[in-house]
Amino acid sequence: MSNKAKRACDRLLGKGYILIVSEKPKAGAAISKALSSEVTECRESGVPYWIIELRGKRYVVASTAGHLFSLFTRKRGFPVFEYEWVPRWEAERGASHLKKFYRVLSKLAKGASQYINACDYDIEGSVIGYMIINMLGNGSKSYRMKYSSLAPEELRSAFSSLSDMGWEMIEAGICRHELDWIWGINVSRLLSWVTRLAGEKRILSSGRVQSPTLTEAVDRYIDYMTFISTPKFSLKVELRADEDKISATHEESPFDNREVAKRKKENILKGKKGIITSAERSLSSIRPPPAFNLSELQYEASRIFGFSPSYTQRLAEELYLDALISYPRTNSEKLPSTIHHEKILSELSSMENYRSIAISILKTGKLSPVQGTKEDPAHPAIYPTGKRPSGLKRDSYKLYDLIARRYMAAFMDEAKIERVEFHIRAGGENLIAQAKSILKRGWTLSYPFSIGREKRINVKEGSELKVSSARISSVLPGKPKMHTKVSLLKWMETENIGTEATRAQIIDTLFKRGYLIYGKDGVKPTKLGMAVTMFLKEKLPDITKTELTRQFEERLFRIRKGEEKREDVVWEARRFITEELERAVNMEAELRDFMKMYLRPEVKCEFCEMPALEGGLCLIHHRALIGLADAIEKWEAAFNEDRDKVLAKIAKSTSVGKAIRDVAKGVIEKRIIL
DNA sequence: GCAAGGTC
Ligand SMILES: [Zn+2]
């Protein structure tokens, strides 16, 4: 910025103004542009602000970059409840970029005659704006501007109907910060302390969101390791009709008993031939999926490209800052009509890859995209802005393409699929073969990632078939999948803990702390992760439950409605945590020994490195032994074989959990008894 | 140093 322009900005500021505080530079730019056609853009140390005149009054639209202040304590040890709001750049490593925002906002806030909090209209936005006005301002009157998208007409109407600051929402927001801080800092310190007593010096952490997530990963791992169920037997038959190969399944498959399956198989092989007795056709329509919210984008990018959730988030944030896509940290699956779809689509139509699709949408004349059910108080679903991407790295372009295609798909027709179920009679047995064909591609022309393959079978009623082969395989229904980063993220979403902006980050924290690692089947806990989880479960059971978040939300909601006071809620949390921690400290030796047992067990499990708890087994192998004892008779009946043979089968089966195989081997080798 | 929550 030239010195001349800078002087012009300073001169305008000298004449007095009302300060509008926005949450991010993009929002500030949008607000100033919506309110006036003559905007003076100013910049100090790289931080932009905008000056406009409206009906004889001067306004300065300024911006922060999220939270400028956070809770901080100087005190060591626990319990600790002495905290204060401080500028983040002073207190946090890695927050130095906020110093320039702090300086510009300090200067602008001092000279303002009034304030308008125009941060996102949600609980955090209320705190962000309030803190800036309260900590940096001069005490002048303040107002709230409420909008749920950056559409100019909405911003204009929000500006013309300002409300009071919304103190209840601010109080609820501050309370959220305090409760998370009190729980998180105190329990983290307790954990670190106990671990130090147990002879290991490390910084550990626990929190309302991360701890239930860790527990979920551990629980799933244990389920996976100890999985066994009653086997069933599928009977698959390969047939031929001239050129065509047809895969069919016995209509009673899977069978409970292998002998029964064997008899049927022999009947079919003996019969040698089959005949199509009937063909049932069914049509189904598949509606286009709605435009992405962040977690669906993370899910699909993981499924289709193998991107981790935090990688996807980083790429999406870069695309957003390049103005190629809209705000990505949204929960919304809705595309409101205030977005200029026609303009975006015609811009997309100038891009080679999207031309024919975008043109065909525009030709229909009705631009009413599918709407999803999920909502967001401050942002719509993710959509391309229409700006042409150039010079993007490969992965960034892949993600952009996914977003653009998903956006266009929302405007397109349903896809139509025909399924045919062929009934086959062979050797006196009834078989079924499934065919699937796509009658109309519809939206899948734009978003071809979720329709599946066609499976055509060119036969009709009365066609004769030859039996080529038949195969029995045992299956174990209900095998759990180990978590991946993205399935953990989905779990957090369904449990409604964390936010779009933080979930991927929090999962990465669990890895950074050394609680979780990636094994070949997915996410698994380390020894430390297991120790922390068991400690929390056994010694502080209330903290690992998502129930805590539910109670949190209820109390915060009551504060928002003015039915409860922040001080009372914080005081209660403080009393509760004091009691819990005092109780813990009184059992110092017990806690230390518990942690020691998990970190450096004196007596190890017969089969692994974990501590032996009962009968020489760790909790996982103990549970596996019980599972095996439960299942063994059903296996004997299903295979119609004696115990030794069945145990040998289980010890080799890759369908049961590893801990089940371990204990089966142990029983065979007479290291343990069943 | 530890939380969870914003955004660069
Ligand atoms: Zn074990």
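Since the structure is predicted, the reported quantities are computational estimates derived from the model, not experimental observations. Protein chains get the first letters and strands the later ones, always in sequence-line order, with residue 1 at the start of each.
Note on A:E554 versus A:R550: no salt bridge recorded, every NZ/NE/NH1/NH2 to OD/OE distance being 4.0 Å or above. Between A:E178 and A:R566 there is a salt bridge, since at least one side-chain N of the basic residue sits less than 4.0 Å from a carboxylate O of the acidic one. Between A:D508 and A:R513 no salt bridge is recorded (no basic side-chain N to carboxylate O distance below 4.0 Å).
The side-chain hydrogen bond (donor to acceptor under 3.5 Å, both in side chains) test with A:S126 is passed by exactly one of A:E168, A:E171, A:R144: A:R144. Among A:Y143, A:F159, A:W50, the single residue meeting the ring pair (Phe, Tyr, Trp, His ring centres under 6.0 Å) criterion with A:Y59 is A:F159. Between A:E44 and the options A:K107, A:K100, A:R103, A:K6, a side-chain hydrogen bond (donor to acceptor under 3.5 Å, both in side chains) holds for only A:K107.
Applying a 4.0 Å cut-off to non-hydrogen atoms, none of the residues of residues 566-584 of chain A approaches DNA chain B. For DNA chain B, the residues of residues 178-194 of chain A within the heavy-atom distance limit of 4.0 Å (strictly under) are A:D180, A:W181, A:G184, A:I185, A:S188, A:R189, sorted by number.
For the OP1/OP2 pair of B:dC8 and a distance below 4.0 Å, the side-chain nitrogens and oxygens of A:R329 include at least one atom meeting the criterion. Between A:R176 and the phosphate of B:dG5, there is no side-chain N or O to OP1/OP2 separation shorter than 4.0 Å. Residue A:Y327 places at least one side-chain N or O under 4.0 Å from the OP1 or OP2 atom of B:dT7. At B:dA4, one or more side-chain N or O atoms of A:Q210 fall inside 4.0 Å of OP1 or OP2 (strictly under the cut-off).
Enclosure of atom NZ in A:K561 by more than 12 non-hydrogen atoms of other residues, nucleotides or ligands within 6.0 angstrom is indicated.
Remark: the A:T499 side chain and the A:T502 side chain contain an N/O donor-acceptor pair separated by less than 3.5 Å.
The side chain of A:S205 approaches B:dA3 more closely than any other nucleotide in the set B:dA4, B:dG1, B:dA3. Comparing B:dA3, B:dC8, B:dG5 against the side chain of A:A65 picks out B:dC8 as the nearest.
Computed from coordinates, the A:E495 CD to B:dA4 P distance equals 15 Å when rounded to whole Å. Distance, A:Q313 CD to B:dC8 C1': 13 Å, rounded to whole Å. Rounding to whole angstrom units, NZ of residue A:K100 and C1' of B:dT7 are separated by 12 Å. In this structure, A:H67 atom NE2 and B:dA3 atom P are separated by 15 Å, rounded to whole Å. If you measure from atom CG of A:L98 to atom P of B:dG5, you get 18 Å, rounded to the nearest angstrom. We find that OH of A:Y83 is positioned 21 Å from P of B:dG1, with the value rounded to whole Å. Atom P of nucleotide B:dT7 and atom CE of A:M131 are separated by 17 Å, given to the nearest angstrom. Between the CD1 atom of A:I174 and the C1' atom of B:dA4 there is a distance of 15 Å, rounded to whole Å.
No engagement by A:E317 is indicated, since no non-hydrogen atom pair under 4.0 Å with the nucleic acid exists. Heavy atoms of A:G498 sit under 4.0 angstrom from primed sugar atoms or phosphate atoms, though from no base atom. As judged by a 4.0 angstrom heavy-atom cut-off over every strand, A:R208 is placed among residues touching the sugar-phosphate backbone only. Backbone-only engagement by A:S206 is indicated by non-hydrogen atom pairs under 4.0 Å involving sugar-phosphate atoms exclusively.
Between A:G66 and A:L71, the residue anchored nearer the 5' end of DNA chain B, judged by the nucleotide with its closest heavy atom, is A:L71. Positionally, the nearest nucleotide of DNA chain B for A:R513 lies more toward the 5' end than for the other of A:E500 and A:R513.
Using a 30° and 60° split on the angle between ring planes, A:Y383 and A:Y407 fall in the tilted class, from 30° to 60°.
For the pair A:G125 and A:E23, the tightest heavy-atom approach, listed with the atom from each and the gap, is CA-OE1, 3.4 Å.
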